[in-house]
Amino acid sequence: MRLIHNMTTIAECSAPDYSPANRAIKIAVIGAGGVGKTALVVRFLTRRFIGDYERNAGNLYSREVQVDGEQVSLQVQDTPGVEMSDNDAVLPDHVSCSLQWADAVVLVYSVTDRRSFDLVPHLHQRVARCSSTSSSGPPVVLLANKADLLHLRRVDPQQGPMLAGTLGCAFYEVSASEGYSQVHGAFHRLCCQLAKQRPPSPPASQPVAEKRRPKSPNMQDLKRRFKQALSAKVRTVTSV
Ligand code: GDP
Ligand code: MG
């Protein structure tokens with residue numbers, strides 16, 4: 001795993017680039033603070049659970065992964081927590097920027113934190129609004145984290161799948177602290193979905209046609225005039 005840089009250095013909110021030269025899949029992980037976003041990203045990328053992280057670090061991680069037998073460069077953007085205010089989600093600039101950048105979103109809440117669950121529909125709306133991928137928004141996976149903390153549960157097990165059904169996204173209940181396979185499954189599903197949406201790479205035997213730069217009209221005009229002048233000179237010489 002390679003830590004590219006801190007979130008603060010993501011300056012451009014560029015539209016996704018599906019050109020074969022840029023096969024990066026970009027996933028943003030968003031949700032309320034303390035729900036386990038960083039724990040999930042680290043679990044997915046390293047298979048390990050690390051208890052404590054720098055708060056709201058919002059790092060960008062990159063690694064090469066195999067998706068349907070094809071090597072793809074994956075970038076995962078961890079983000080600072082989103083809060084609710086005046087019955088709407090307040091997105092820090094970093095989060096808005098990440099949503100514009102991302103090809104897909106992992107939306108996280110904690111089963112121990114009712115407010116983080118109530119935030120989900122608001123966040124989902126913002127995902128569709130912020131995204132530059134399509135009018136319907138990017139693919140989203142809803143993750144209910146901290147499933148291991150049964151005694152602290154504040155969101156019923158059936159509420160997550162119901163909400164995901166309403167929002168039209170996939171749902172996984174996971175525990176970053178206890179399991180790898182479900183966390184991996186959720187991220188992997190998104191990668192597969194995105195890989196399918198991409199145009200296929202050109203076959204190796206057929207070299208990609210080199211894009212010719214259009215000639216500038218001025219240059220073409222100059223060449224024409226140069227040729228005319230030359231042929232006039234030749235005519236002059238031969239007529240002598
Ligand atoms: P973030 O603010 O959303 O990035 O949350 P963190 O990843 O920093 O996690 C917040 C706290 O919850 C940390 O103390 C983690 O160790 C803990 N945590 C994260 N995921 C789990 C989980 O699945 N189970 C339990 N028991 N604790 C978790
Ligand atoms: Mg974090």
Side-chain angles (χ1 to χ4, degrees), residues 1-10 26-63 74-85 89-99 101-102 104-124 126-127 140-157 159-161 163-164 169-188 190:
M1 177 181 61
R2 189 161 60 95
L3 173 63
I4 298 186
H5 44 58
N6 194 280
M7 177 64 201
T8 46
T9 58
I10 295 189
K26 301 171 197 158
I27 296 178
V29 181
I30 64 166
V35 295
K37 296 180 296 299
T38 306
L40 288 164
V41 172
V42 172
R43 174 61 107 174
F44 168 58
L45 294 171
T46 68
R47 290 177 171 249
R48 282 180 295 168
F49 175 69
I50 300 165
D52 273 318
Y53 317 92
E54 197 186 327
R55 267 197 99 66
N56 290 340
N59 288 323
L60 178 66
Y61 301 86
S62 114
R63 90 181 277 191
L74 172 67
Q75 294 183 356
V76 183
Q77 178 65 63
D78 186 13
T79 62
V82 176
E83 303 297 331
M84 274 292 269
S85 175
V90 181
L91 267 60
D93 287 348
H94 288 169
V95 180
S96 308
C97 196
S98 298
L99 291 180
W101 164 89
V105 173
V106 173
L107 227 166
V108 187
Y109 71 89
S110 165
V111 299
T112 64
D113 178 353
R114 182 74 211 183
R115 283 191 311 166
S116 72
F117 177 75
D118 294 338
L119 184 67
V120 169
H122 299 277
L123 275 180
H124 190 268
R126 301 296 286 269
V127 168
V140 175
V141 163
L142 181 60
L143 286 193
N145 191 35
K146 306 198 186 183
D148 56 295
L149 298 176
L150 297 174
H151 55 297
L152 296 176
R153 188 182 268 280
R154 297 288 177 271
V155 184
D156 290 340
Q159 286 185 300
L163 179 57
C169 58
F171 174 80
Y172 293 81
E173 187 163 293
V174 299
S175 164
S177 74
E178 290 204 333
Y180 168 71
S181 65
Q182 285 168 313
V183 176
H184 175 265
F187 279 89
H188 191 71
L190 265 189

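One-based numbering, in listed order, for ligands and for the atoms of each.
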Using heavy-atom distances only, which candidate in E178, K146, R43 approaches atom 22 (C) of ligand 1 most closely?
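That would be K146.
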Has ligand 1 got any nitrogen or oxygen that is less than 3.5 angstrom from a nitrogen or oxygen of V35?
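For ligand 1, there is an N or O atom that lies under 3.5 Å from one belonging to V35.
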CG/D78 to CG/L40 distance, rounded to the nearest 0.5 angstrom?
9.0 Å
Distance from Y180 atom OH to R47 atom CZ, nearest 0.5 Å?
4.0 Å
Using a 3.5 Å cut-off on N or O atoms only, is V174 in polar contact with ligand 1?
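Min N/O separation from ligand 1 is not below 3.5 Å for V174.
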Look at the side chain of R63 and the backbone N and O of L45, then say whether any donor-acceptor pair between them is shorter than 3.5 Å.
yes
Proximity to ligand 1 by part of N145, non-hydrogen separation under 4.0 Å:
side chain
Ligand 1 to G34, heavy atom cutoff 4.0 Å, flagged ligand atoms 1 (P), 2 (O), 3 (O), 5 (O), 10 (C)
For ligand 1, which atoms, with element, lie under 4.0 Å from some heavy atom of T38?
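Every atom of ligand 1 under 4.0 Å from some heavy atom of T38: 4 (O), 7 (O).
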Quick one: CD on Q77 to CD1 on I30, what's the gap to the nearest 0.5 Å?
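Here the rounded value is 11.5 Å.
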Say you draw a straight line from OH of Y109 to NZ of K146; how long is it, rounded to the nearest 0.5 Å?
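Going from the OH atom of Y109 to the NZ atom of K146 covers 13.5 Å.
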May I ask you to decide if G179's main-chain N or O and R43's side chain share a donor-acceptor pair within less than 3.5 Å?
yes
Name the orientation class of the two ring planes belonging to H184 and F44 (parallel below 30°, tilted from 30 to 60°, perpendicular beyond 60°).
tilted
Under 4.0 Å from a heavy atom of K37: give me the atoms of ligand 1 that qualify, with their elements.
1 (P), 2 (O), 3 (O), 4 (O), 5 (O), 7 (O)
Given 3.5 Å as the limit, does a donor-acceptor pair link the side chain of D113 with the main chain of V35, or not?
no
2.8 Å cut-off met by an N, O or S atom of T38 to the Mg ion (ligand 2)
yes
Counting each atom of ligand 1 from 1 as listed, which ones have a heavy atom of A39 under 4.0 Å away?
7 (O), 19 (C), 20 (N)
Find all atoms of ligand 1 within a distance of less than 4.0 Å from any non-hydrogen atom belonging to D148, and give their numbers and elements.
22 (C), 23 (O), 24 (N), 25 (C), 26 (N)
Polar contacts were defined as any N/O atom of the residue lying under 3.5 Å from an N/O atom of the ligand; does this apply to A176 and ligand 1?
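Between A176 and ligand 1 (N or O atoms, distance only) the closest approach is under 3.5 Å.
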